[in-house]
Q: 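Pasting a structure below so you can have a look.
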Amino acid sequence: MAKEQTVTAAQSQLDKFKETARDLECDEDEDAFKAKLRKIATAPKPAPEKPS
């Protein structure tokens, strides 16, 4: 019986995750992910902090 409760809890957590992802308008498209990653990866590096 404990196993059934664990599966139900996992499904519930998965359902909550999927719902939140939809609410945040997450995109499952791999090309869109790569484009966003490329934008982040090519961002200029921050300037080093000056010692005070």
Q: Just to verify, what does Lys18 make a side-chain hydrogen bond (donor to acceptor under 3.5 Å, both in side chains) with, not counting sequence neighbours?
A: none
Q: CG of Leu24 to CD of Glu19: how many Å apart, nearest 0.5 Å?
A: 10.5 Å
Q: So how far is it from Asp31 CG to Lys36 NZ, rounded to the nearest 0.5 Å?
A: 12.0 Å
